[in-house]
Amino acid sequence: MTLQYASTRGGMDGASFSDVLLAGLAPDGGLVVPEPVPVLSARDLDRLRGAPYASVAAAVVARFAPEIPEAEVARMAHDAYAPSVFDHPDVVSLSLLGPGVHLAGLSHGPTLAFKDMALQMLGQLFEYELTRRGQRLTVLGATSGDTGSSAEHAMIGKRHVDVFMLSPLGRTSPFQAAQMYTLDEPNIFNLAVRGVFDDCQDLVKAVNGDAEFKARYRIGAVNSINWARIAAQVAYYVFIALHRRFDAQPVDVAVPTGNFGNVYAGFIARRMGAPIRRLIVATNENDVLAEFFATGTYRIRDAAEVAATSSPSMDISKASNFERYIYSIYGDDADAVRLRFGDLVAGGGFTVDEDARRAIAATGLVAGSSSHDDRIATIRRLAAEQGVVVDPHTADGVKVGLDLRDPDVPLVCLETARPAKFAGTIEEALGAPPAIPARFAGLLDREQHVAVVDAEIDAVKRYIAAHGNDAARP
């Protein structure tokens with residue numbers, strides 16, 4: 001069966017990777033999924049075990065993009081993960097946090113966040129396909145902290161892409177905001193939204209839902225609603241699970257997540273055949289996902305209920321990629337997804353039935369939550385016992401991972417960012433601010449370029465119309 005792409009809500013099928021790469025959200029408001037999910041054979045896994053990161057990434061992404069020549073995918077992966085872009089020779093580092101507990105370093109890219117792992121590849125894919133078509137793309141994204149800077153840095157100098165990034169005003173760390181707002185590039189535009197991340201995400205979906213506006217400005221996406229970004233994230237799960245350190249033994253992976261994109265990529269890696277036994281979902285006080293895995297109820301919070309925490313990138317109550325997971329749980333049943341995400345979520349959420357609970361158990365996902373006190377204690381303990389300083393989101397993952405670990409199975413905790421991005425929390429935990437990499441010296445003092453807008457679709461559309469590339473313009 002030839003791999004094609006469909007919508008979780010049933011209103012699109014037969015699309016190619018190149019089409020969904022540029023489209024982002026499906027026309028019916030659903031999320032794009034591959035049919036079928038490709039599988040890595042035992043021979044593939046043996047060949048990739050211990051291979052360089054770029055080779056693993058090329059092999060994984062090529063499975064999802066059959067129409068792109070494999071040599072081109074390999075070239076893009078080589079450029080995306082070059083030593084000039086990532087400052088670790090292995091791209092992804094692996095260090096010990098204790099017996100049987102490992103930290104996967106995913107923050108060696110240009111913005112010190114795991115989002116670089118996917119977005120550097122996404123930038124290469126955009127430029128390849130837009131050059132081939134002779135088109136421009138207007139990327140509209142939402143960020144709770146790290147996606148924005150990673151996406152913007154990946155698109156600097158890309159001749160065919162304009163980026164409009166929405167971030168919640170005052171809800172990112174000063175370092176995260178400065179990484180975005182200090183950019184002064186002709187194709188980068190930052191909008192700070194008066195609201196929370198969920199408002200930003202809703203605005204992106206609303207703009208995508210206006211078919212005429214989307215076509216006129218060729219709106220695409222860099223958030224994990226874009227399947228190409230998920231595909232690029234799958235690569236680091238495959239790389240980690242096949243690391244020679246584990247000698248072909250399956251691993252458990254603890255994943256800090258708010259929007260479910262990171263852990264969903266692990267879910268896909270597991271379906272592809274990567275030796276991952278369990279995925280441990282770690283949330284902060286905004287514990288919508290932990291509550292779901294404990295009770296079977298997915299309960300949306302309104303903006304007033306979304307707590308502002310010391311792991312702000314996870315301050316989310318509407319986990320976009322969760323729709324893809326529910327689609328799988330219900331056996332790729334678009335009617336079931338359309339009911340839940342088209343109707344029930346708007347009314348506050350839904351509860352899955354017992355058959356779905358059994359299907360969830362079979363996927364190997366479990367979940368827990370972490371608090372501010374937990375983060376502080378975890379940061380202090382790792383610094384004292386291991387000499388390792390982690391950021392607060394990674395601390396959430398370590399805390400929940402250790403709570404739920406099986407001592408007979410290697411546990412890998414995914415790092416999300418360098419501690420420099422969250423100086424206030426690190427100073428609270430350790431009594432001193434974290435070291436700032438030399439290339440970011442003086443970042444907080446640089447001039448910032450950002451427009452503040454209300455959480456209204458018309459405000460965002462007006463800004464894009466005033467500054468973007470109008471495809472209808474002669």
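Just the heavy atoms: all of them, side chains too, but no hydrogens, waters or symmetry mates, feed the values below.
- Taking CD of Gln4 as the reference point, atom CE of Met12 lies at 10.0 Å (rounded to 0.5 Å).
- In this structure a side-chain-to-backbone donor-acceptor pair under 3.5 Å is present from Glu127 to Arg159.
- At least one donor-acceptor pair under 3.5 Å links the side chain of Asp28 to the backbone N or O of Gly11.
- When each of Val139, Val61, Leu21 is paired with Leu122, the side-chain contact (heavy atoms from CB on, under 4.5 Å) condition holds for Leu21 and for no other.
- Listed by chain and number, the residues in a salt bridge (Lys or Arg N to Asp or Glu O under 4.0 Å) with Asp391 amount to none (sequence neighbours excluded).
- Judged by distance alone, with hydrogens and angles left aside, the side-chain atoms of Thr394 form no donor-acceptor pair with the main-chain N or O of Glu415 at under 3.5 Å.
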>> I'd like to know whether Ser167 forms a side chain to side chain donor-acceptor pair (under 3.5 Å) with Gln176, so could you lay out the CA-CA distance, the side-chain angles of the two residues, the decisive distance to 0.1 Å, and finally the verdict.
In response: CA-CA 10 Å; Ser167 57; Gln176 288 174 313; over 6 Å; no
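- Ring planes of Phe17 and Tyr5: tilted class, angle from 30 to 60°.
- Residue His372 places its NE2 atom among more than 12 non-hydrogen atoms of other residues, nucleotides or ligands, all under 6.0 Å distant.
- Taking NZ of Lys421 as the reference point, atom OG of Ser107 lies at 9.0 Å (rounded to 0.5 Å).
- In terms of heavy atoms, Ala241 sits closest to Phe246 at O-CD1, 4.4 Å.
- For the pair Phe126 and Lys158, the minimum side-chain heavy-atom distance is 4.5 Å or more.
- Considering all non-hydrogen atoms of both residues, Leu365 and Val281 come closest at CD2-CG2, 4.1 Å.
- Judged by distance alone, the side chains of Ser370 and Glu285 never bring a donor and an acceptor atom under 3.5 Å apart.
- Below 30°, between 30° and 60°, or above 60°: for Tyr236 and Phe114 the angle between ring planes is above 60°, a perpendicular geometry.
- Side chain to side chain, Asp146 and Gln179 fail the donor-acceptor criterion of an N or O pair below 3.5 Å.
- Side-chain contact between Phe440 and Leu112 is present, with heavy atoms from C-beta onward closer than 4.5 Å.
- The aromatic rings of Phe341 and Tyr298 sit tilted relative to each other, their planes meeting at an angle between 30° and 60°.
- With hydrogens and angles ignored, the 3.5 Å screen pairs a side-chain donor or acceptor of Asn259 with a backbone N or O of Ser320.
- A pairwise comparison of heavy atoms in Ala282 and Met314 identifies O-CE, 3.3 Å as the closest pair.
- Aromatic ring pairs are classed by plane angle as parallel below 30°, tilted from 30° to 60° and perpendicular above 60°; the pair Tyr81 and Tyr53 is perpendicular.
- No donor-acceptor pair under 3.5 Å is formed between the side chain of Arg299 and the backbone N or O of Phe350.
- Between Arg340 and Tyr330, the side chains place a donor N or O and an acceptor N or O closer than 3.5 Å (distance only, hydrogens not considered).
- His393 and Ser311 share no donor-acceptor pair across their side chains, judged by distance under 3.5 Å alone.
- Between Asp374 and Lys399 a salt bridge is recorded (basic side-chain N to carboxylate O distance below 4.0 Å).
- Within the structure, every pair that satisfies the side-chain hydrogen bond (donor to acceptor under 3.5 Å, both in side chains) test and touches residues 239-250, not counting sequence neighbours, is listed here: His102-Arg245.
- Counting only distance, with no hydrogens or angles, the side chain of Arg324 and the backbone of Ile225 share a donor-acceptor pair below 3.5 Å.
- Residues Asp355 and Arg358 are paired through a salt bridge, judged by an N-O separation under 4.0 Å between the basic side chain and the carboxylate.
- A donor-acceptor pair under 3.5 Å is formed between the side chain of Asp406 and the backbone N or O of Asp408.
- Within the 4.5 Å cutoff, no side-chain heavy atoms of Ile276 are placed close to those of Phe267.
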>> Using the rule given for side chain to side chain contact (heavy atoms under 4.5 Å, CB included), can you reason through Phe175 versus Ile436, listing the C-alpha separation, both sets of side-chain angles and the distance that settles it, and then say yes or no?
In response: CA-CA 10 Å; Phe175 193 100; Ile436 303 295; 4.2 Å; yes
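- A side-chain donor from one of Ser224 and Asn321 sits under 3.5 Å from a side-chain acceptor of the other.
- Across every non-hydrogen atom of Ala54 and Ala77, the tightest pair is O-CB, 3.5 Å.
- Checked for salt-bridge contact, Arg418 and Asp87 meet the test: a charged N lies under 4.0 Å from a carboxylate O.
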> Hey, mind stepping through Arg405 and Asp252 against side chain to side chain contact (heavy atoms under 4.5 Å, CB included) and telling me if it holds?
Replying inline: CA-CA 8 Å; Arg405 75 169 297 206; Asp252 288 348; 5.9 Å; no
> Run the side chain to side chain contact (heavy atoms under 4.5 Å, CB included) check on Ser328 and Arg271 step by step: do they pass?
Replying inline: CA-CA 11 Å; Ser328 296; Arg271 287 186 64 184; 3.3 Å; yes
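- Heavy atoms only, all atoms of each residue included: Tyr325 and Tyr264 are closest at N-CE1, 3.8 Å.
- Looking at Asp90 and Ser93, their side chains never bring a donor and an acceptor atom within 3.5 Å of each other.
- Ion pairing between a basic and an acidic side chain is recognised when a charged N comes within 4.0 Å of a carboxylate O; Arg63 and Asp44 show such pairing.
- There is a side-chain donor-acceptor pair under 3.5 Å between Asn284 and Asp315.
- Side-chain contact between Glu152 and Ile156: absent, with no pair of heavy atoms (C-beta onward) separated by less than 4.5 Å.
- Without hydrogens or angle criteria, His153 side chain to Thr111 main chain gives no donor-acceptor distance under 3.5 Å.
- Rounded to the nearest 0.5 Å, atoms OG (Ser16) and CG (Leu22) are 8.5 Å apart.
- Checking side-chain atoms of Arg380 against main-chain N and O of Ala429 turns up a donor-acceptor pair under 3.5 Å.
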>> Go through it in stages, so that I can follow the logic: the residues are Leu40 and Val238, the test is side chain to side chain contact (heavy atoms under 4.5 Å, CB included), and I'd like the CA-CA distance, side-chain angles, deciding distance and then a yes or no.
In response: CA-CA 10 Å; Leu40 294 167; Val238 174; 4.2 Å; yes
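- Summarising the geometry, atom CE belonging to Met165 is positioned 8.5 Å from atom CE belonging to Met155; distances are rounded to the nearest 0.5 Å.
- Val388 has its side chain within reach of Leu97: a pair of non-hydrogen atoms, C-beta onward, lies under 4.5 Å apart.
- One distance of note links CG of Leu140 with NZ of Lys205; it measures 12.5 Å at 0.5 Å rounding.
- Arg75 places no side-chain N or O within 3.5 Å of a backbone atom of Glu70 that could act as its donor or acceptor partner.
- Put simply, the side chain of Leu242 reaches to within 4.5 Å of the side chain of Pro275, judged on heavy atoms.
- Under 4.0 Å is where a charged nitrogen must lie from a carboxylate oxygen, and between Asp396 and Arg375 at least one such pair does.
- The pair Arg229-Asp116 does not count as a salt bridge, with every side-chain nitrogen at least 4.0 angstrom from each carboxylate oxygen.
- In this model, no donor atom of one side chain and acceptor atom of the other lie less than 3.5 Å apart for Lys115 and Ser149.
- Between Arg301 and Glu291, at least one side-chain N (NZ, or NE/NH1/NH2) sits under 4.0 Å from a carboxylate O, which counts as a salt bridge.
- How far OG of Ser95 is from CD of Gln386: 9.0 Å, rounded to the nearest 0.5 Å.
- A salt bridge does not link Asp198 with Arg171: every distance from a Lys NZ or Arg NE/NH1/NH2 to an Asp or Glu carboxylate oxygen is 4.0 Å or more.
- Salt bridge status for Arg338 with Glu323: absent, with no side-chain N to carboxylate O gap under 4.0 Å.
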